[in-house]
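Beneath this line is the structure, given in structure tokens, with notes to follow.
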There are 2 protein chains.
Amino acid sequence: MLFLIENEGMGSLTEENYIKSVYALSQATGEVIVSELAKKLHVKPPTVNSMMKKLALKKWVLYAPYKGIKVTEKGKKEALSIIRRHRLAELFLVNVMKLGWEEVHDIAEQLEHVESSRFYDRIDEMLGYPKFDPHGEPIPDANGKILNDKRIPLNQAKENATVKIVAVADDKKSFLDHLNDKGLKIGEKVFVKRKEAYDGSVVLVNKSKVELMITHQVAERILVEE
Amino acid sequence: MLFLIENEGMGSLTEENYIKSVYALSQATGEVIVSELAKKLHVKPPTVNSMMKKLALKKWVLYAPYKGIKVTEKGKKEALSIIRRHRLAELFLVNVMKLGWEEVHDIAEQLEHVESSRFYDRIDEMLGYPKFDPHGEPIPDANGKILNDKRIPLNQAKENATVKIVAVADDKKSFLDHLNDKGLKIGEKVFVKRKEAYDGSVVLVNKSKVELMITHQVAERILVEE
DNA sequence: TTAATTTGTTAGATATATCTAACATTTTAA
DNA sequence: TTAAAATGTTAGATATATCTAACAAATTAA
């Protein structure tokens with residue numbers, strides 16, 4: 001029987017989806033704007049507006065008219081709990097259920113809303129308490145702790161430094177294909193030769209000593225370390 | 001991304017829960033009444049009333065004012081598809097994820113609404129295309145076909161016949177405990193000694209030759225064969 | 001067989017999550 | 001630096017799923 005009697009702290013499925021997106025989109029700059037959220041969630045701005053008022057009442061976000069949306073510690077905890085469930089679900093679908101990486105995202109999007117710590121604890125156990133998902137994204141533990149948060153978007157890396165690609169912040173096929181075309185893979189090191197002040201594009205040298213240019217848009221979606 | 005854009009044939013999570021209950025509760029007599037459904041789903045009768053009008057429009061049920069609710073072929077197909085997902089999920093949680101039988105029902109209740117045939121086909125494959133769940137309940141195949149539908153409620157069995165208990169139509173702990181107390185188990189044979197016309201209770205002789213009486217209420221929840 | 005009880009229905013209210021249209025503010029560009 | 005464009009908000013409408021209160025029909029019992 002599915003009794004979703006909402007406890008104080010809990011959120012509806014809709015609220016869960018919003019806080020997850022707020023958290024994800026505010027990662028880079030510390031906040032996110034209404035139109036960005038609306039686009040991501042495929043709703044209109046007024047819908048986001050009213051939902052943000054609601055989440056602000058629950059103290060999950062800080063929200064003042066015409067100002068950006070910021071996640072509170074409470075909201076972050078919620079978001080990390082959902083992200084944990086999503087990433088564990090993805091890894092489970094790939095490693096245990098042998099589904100293809102490209103087909104698991106939509107299923108994980110549904111599984112992440114399953115209300116059962118037993119279910120997720122068993123998955124965690126079966127996977128051997130993994131710290132990262134196959135994209136290199138860290139999996140928060142049951143307390144919301146994330147190992148290793150020193151990763152930065154490639155566009156924020158210093159010039160003339162060698163960095164390791166540890167994750168991508170976008171798993172759309174078109175994006176992954178683009179990276180493949182450029183010969184960029186998670187785990188590989190690249191040398192940051194130059195960052196163009198003009199358009200934010202980045203010139204890299206890959207491990208085969210080939211020089212290549214990536215746009216700002218792409219660079220900010222590649223997470224690197226060191 | 002969770003896009004639950006409802007296709008013509010699809011039902012909302014709520015509609016799925018209703019048709020599943022309509023199907024389950026109408027199994028015995030061919031129909032179910034509003035108050036029974038309301039009780040099962042923990043809603044008030046007017047809620048059931050309006051949902052039945054909706055499902056009647058979708059041609060999932062036949063529903064005339066003050067008459068019982070009957071499932072159509074279309075509704076049965078929907079119900080069986082959900083039941084298939086529920087039973088596969090339960091078996092998966094028990095056999096693959098090693099969760100206890102008593103704790104999987106609520107999780108399966110959530111998993112059954114996951115929209116992904118790939119997910120369920122993989123579960124089916126991993127379980128070796130099982131035909132029955134651990135309660136002895138048959139699992140419909142991907143086309144809604146159920147193997148072996150000769151099962152009848154114990155109260156409909158003939159007197160002076162030996163029948164095999166193949167399933168129970170209620171998995172509440174209190175009910176299962178009651179059966180245990182009576183020494184009745186799935187897979188065991190019992191002799192139907194007498195059916196009381198007065199109150200519908202049934203007198204059985206179990207395999208240890210012990211005579212015992214069960215009420216009509218209990219008898220109609222025990223499914224037997226032969 | 002009629003009165004009481006049970007069961008079912010209708011009407012109208014509420015909460016959630018969404019929309020469109022109209023208006024307000026902020027940002028960008030001429 | 002002001003006009004245009006972009007972005008955000010408010011007000012009010014819609015759909016779903018629920019409720020309560022009042023009434024209607026069917027069933028049961030006196």
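Just the heavy atoms: all of them, side chains too, but no hydrogens, waters or symmetry mates, feed the values below. By convention in this document, chain letters (A, B, ...) are assigned in the order of the sequence lines, proteins followed by strands, and residues within each chain are numbered from 1.
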A/Leu55 atom CG is separated from C/dA17 atom C1', nearest whole Å, by 12 Å
Atom pair distance, as rounded to whole Å: CG in B/Leu41 and P in D/dT18:
8 Å
If you assign each of A/Met51 and A/Lys67 to its closest nucleotide in DNA chain C, which residue comes earlier from the 5' end?
A/Met51
I need the CD-P distance between A/Glu15 and C/dT16, as an integer number of Å.
8 Å
Report yes if at least one side-chain N or O of B/Ser50 is closer than 4.0 Å to OP1 or OP2 of D/dT18; otherwise report no.
no
What is the distance, to the nearest angstrom, from the CD1 atom on A/Ile69 to the P atom on D/dT7?
14 Å
Name the nucleic acid region contacted by A/Pro65, choosing base, sugar-phosphate or nothing; use a 4.0 angstrom heavy-atom cut-off, strictly under.
sugar-phosphate
Can you find a side chain N or O atom of A/Thr47 that sits less than 4.0 Å from OP1 or OP2 on C/dC19?
yes
Any B/Tyr63 side-chain N or O less than 4.0 Å from OP1/OP2 of C/dT9:
yes
Please check this pair: side chain of A/Asp199 against backbone of A/Ser201, looking for a donor-acceptor N/O pair closer than 3.5 Å.
yes
Could you tell me whether B/Lys58 and B/Glu78 make a salt bridge, using a distance below 4.0 angstrom between a side-chain N and a carboxylate O?
no
Please classify the nucleic acid contact of B/Lys53 as base, sugar-phosphate, or nothing, using heavy-atom distances under 4.0 Å.
sugar-phosphate
Nearest-neighbour nucleotide for the B/Asn49 side chain, C/dG8, C/dT9, C/dA24 considered:
C/dT9
Rounding to a whole Å, what distance do you find between A/Met52:CE and C/dT18:C1'?
14 Å
Atom pair distance, as rounded to whole Å: CG in A/Leu13 and C1' in D/dT16
15 Å
Side-chain atoms of A/Tyr66 come closest, of D/dT9, D/dT18, C/dT9, to D/dT9
Before accepting this row, confirm whether a basic side-chain N of the pair A/Arg85/A/Glu16 lies closer than 4.0 Å to the acidic partner's carboxylate O.
yes
C/dT7 phosphate, OP1 or OP2: any side-chain N/O from B/Ser35 under 4.0 angstrom?
no
When all nucleic acid strands are considered with a 4.0 Å heavy-atom cut-off, which category describes B/Pro46: base, sugar-phosphate, or nothing?
base
Salt-bridged, B/Lys70 to B/Glu31, with N to O below 4.0 Å?
yes
Between D/dA26, C/dA17, D/dC19, spot the one nearest the side chain of A/Lys54, thanks.
C/dA17
Options D/dT18, D/dT20, C/dT18, nucleotide nearest the side-chain atoms of B/Lys44
D/dT20
Residues A/Arg194 and A/Glu159 bridged, charged N to O under 4.0 Å:
no
Under 4.0 Å: is that the gap between some side-chain N or O of A/Ser12 and OP1 or OP2 of C/dT16?
no
In whole angstroms, the gap separating C1' of C/dT7 from CG of B/Leu37 amounts to 13 Å
Considering just the side-chain nitrogens and oxygens of A/Tyr18, establish if one lies under 4.0 Å of OP1 or OP2 belonging to C/dT16.
no
